[in-house]
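Below: one structure, written as structure tokens.
Heads up: numbering here begins at 1 and tracks the sequence.
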Amino acid sequence: MLLLVDMGNTHTVVGLWEGASMVKRWRVASEAHRTADEFRILLRSLLEEIDHQPEGAAISSVVPQATQALRNAVASLVAGPVVVVGPGVKTGLAINIDNPREVGADRVVNAIGAVMVHGSPVVVLDFGTATTVDLVGADGSYRGGAIAPGIEVAAESLVASTAALRRVELVVPPSPVGKSTVEAMQSGLLYGFAGLVDGLVERVLAELGTEAPVVATGGLADLIIPLCKRGTTVDQDLTLRGLAEVFRRNQS
């Protein structure tokens with residue numbers, strides 16, 4: 001059994017992987033200033049649900065100031081090696097962009113997880129603090145993509161930049177034509193981001209020159225994808241599946 005941790009700017013997803021499937025998955029708030037002891041206490045409380053120690057672990061993190069403390073905590077909780085996705089770690093994914101070191105660890109493991117299930121080419125969507133669209137070409141190489149604000153970031157920015165608007169619950173309104181300020185904001189955020197995603201995917205596929213499956217992950221994927229026009233598979237285990245594969249590729 002593997003302990004898998006994907007730390008994003010807003011949420012951290014923790015999972016237990018055994019064989020070829022997810023056994024447990026938790027989503028907790030990210031905290032960049034947690035110490036190794038605090039990470040250890042948090043993770044240990046989650047692992048109380050299992051009756052044996054994980055044999056190894058893999059970590060992806062886009063919060064550099066927290067990565068080492070997280071690694072130290074994870075290493076104290078598993079019986080084997082800890083793989084942290086980054087330079088020097090074997091991923092098996094060719095990255096064909098100007099500066100491969102710029103690609104976030106989460107985008108790398110998302111691409112690996114998507115290829116494992118859907119083959120290549122494939123388009124990967126991630127609805128997190130940022131909304132990302134990534135392309136893996138027919139040759140299995142990472143080609144790049146697009147980064148837009150996340151829905152929650154956009155909502156907070158809208159409220160912070162206006163005097164009369166207030167926070168609204170992110171739920172689908174009865175109609176795209178809002179009959180109140182709340183419904184109008186919900187329409188703009190949810191249908192607006194669905195349109196953003198549809199437009200970006202259409203342009204990415206035009207650049208590719210052929211059709212390809214589209215797979216989505218991230219906390220708000222289940223909310224936005226049903227509003228999109230293009231058929232898209234939602235896979236909330238995508239990132240952790242890619243992490244498990246990176247761990248496997250780094251064992252001799």
Side-chain angles (χ1 to χ4, degrees), residues 1-93 104-118 124 126-129 215-219 221-222 233-252:
M1 182 180 291
L2 296 178
L3 173 61
L4 307 173
V5 184
D6 171 46
M7 185 171 188
N9 289 291
T10 305
H11 293 109
T12 297
V13 180
V14 181
L16 290 171
W17 186 272
E18 188 163 31
S21 61
M22 190 67 64
V23 178
K24 292 277 188 180
R25 174 160 49 85
W26 303 271
R27 183 181 293 272
V28 298
S30 293
E31 175 50 68
H33 301 293
R34 279 193 178 114
T35 65
D37 288 335
E38 289 171 325
F39 278 121
R40 188 179 301 110
I41 291 168
L42 171 63
L43 293 171
R44 185 179 288 127
S45 70
L46 300 178
L47 296 177
E48 287 178 353
E49 297 186 26
I50 64 171
D51 57 6
H52 59 280
Q53 188 178 25
E55 292 85 19
I59 298 169
S60 63
S61 171
V62 295
V63 188
Q65 63 268 40
T67 303
Q68 188 58 48
L70 177 59
R71 187 199 184 286
N72 291 342
V74 168
S76 70
L77 297 173
V78 301
V82 177
V83 174
V84 180
V85 179
V89 170
K90 292 184 291 185
T91 64
L93 180 72
D106 54 342
R107 300 173 76 186
V108 171
V109 294
N110 279 347
I112 293 169
V115 171
M116 289 175 64
V117 177
H118 300 279
V124 188
D126 193 345
F127 294 87
T129 308
V215 58
T217 193
D222 291 306
T233 301
V234 176
D235 182 355
Q236 295 295 3
D237 291 334
L238 185 71
T239 310
L240 298 187
R241 179 181 295 108
L243 262 180
E245 179 63 14
V246 170
F247 180 89
R248 187 192 68 79
R249 293 176 182 180
N250 282 270
Q251 305 313 300
S252 58

Under 3.5 Å: donor-acceptor pair, side chain of N250, backbone of K90: yes

Flag side-chain contact, heavy atom, 4.5 Å: Q236 against V13: no

Salt bridge (charged side-chain N to carboxylate O under 4.0 Å, His left out) partner of K24, chosen from E48, E18, E49: E49

Side chain proximity check, V5 to V74, heavy atoms < 4.5 angstrom: yes

Validation row: L243, L2 side chains within 4.5 angstrom (heavy atoms): no

Evaluation steps, salt bridge (charged side-chain N to carboxylate O under 4.0 Å, His left out), between D237 and R25: CA-CA 8 Å; D237 291 334; R25 174 160 49 85; 2.7 Å; yes

Side-chain heavy-atom pair I59, R71 within 4.5 angstrom cut-off: yes

Worked verdict on V14 versus L3 for side-chain contact (heavy atoms from CB on, under 4.5 Å): CA-CA 7 Å; V14 181; L3 173 61; 3.7 Å; yes

Heavy-atom check, side chain of V62 versus side chain of N9, under 4.5 Å: yes

Residue pairs, two or more places apart or on separate chains, that pass salt bridge (Lys or Arg N to Asp or Glu O under 4.0 Å) and touch residues 241-252: D235-R241, E245-R248, E245-R249

R34 vs M7 side-chain heavy atoms within contact, under 4.5 Å: no

Straight-line distance of L47 CG to L42 CG, nearest 0.5 Å: 9.5 Å

Minimum heavy-atom distance between A69 and T35, given as atom pair plus value: CB-C, 4.1 Å

Where F39 and A73 come nearest, the two heavy atoms and their spacing: CB-CB, 3.5 Å

Minimum-distance pair of heavy atoms, taken over all atoms of Q53 and A79: OE1-CB, 3.5 Å

Flag for T217-D126: side-chain donor and acceptor within less than 3.5 Å: no

NE2 (H33) with more than 12 external heavy atoms under 6.0 Å: no

Close side-chain approach of T12 to S30, heavy-atom, < 4.5 Å: yes

Side chains of S60 and D106, donor plus acceptor under 3.5 Å: no

From CA spacing to verdict: side-chain contact (heavy atoms from CB on, under 4.5 Å), W26, L16: CA-CA 9 Å; W26 303 271; L16 290 171; 3.7 Å; yes

Shortest non-hydrogen contact between Q251 and V83, atoms and distance: NE2-CG2, 3.9 Å

Closest heavy-atom pair and its distance - F247, A57: CD1-O, 3.3 Å

V63 to A32 - nearest heavy-atom pair and separation: CG1-CB, 3.7 Å

Spacing of T239 atom OG1 and I112 atom CD1 [to the nearest 0.5 Å]: 11.0 Å

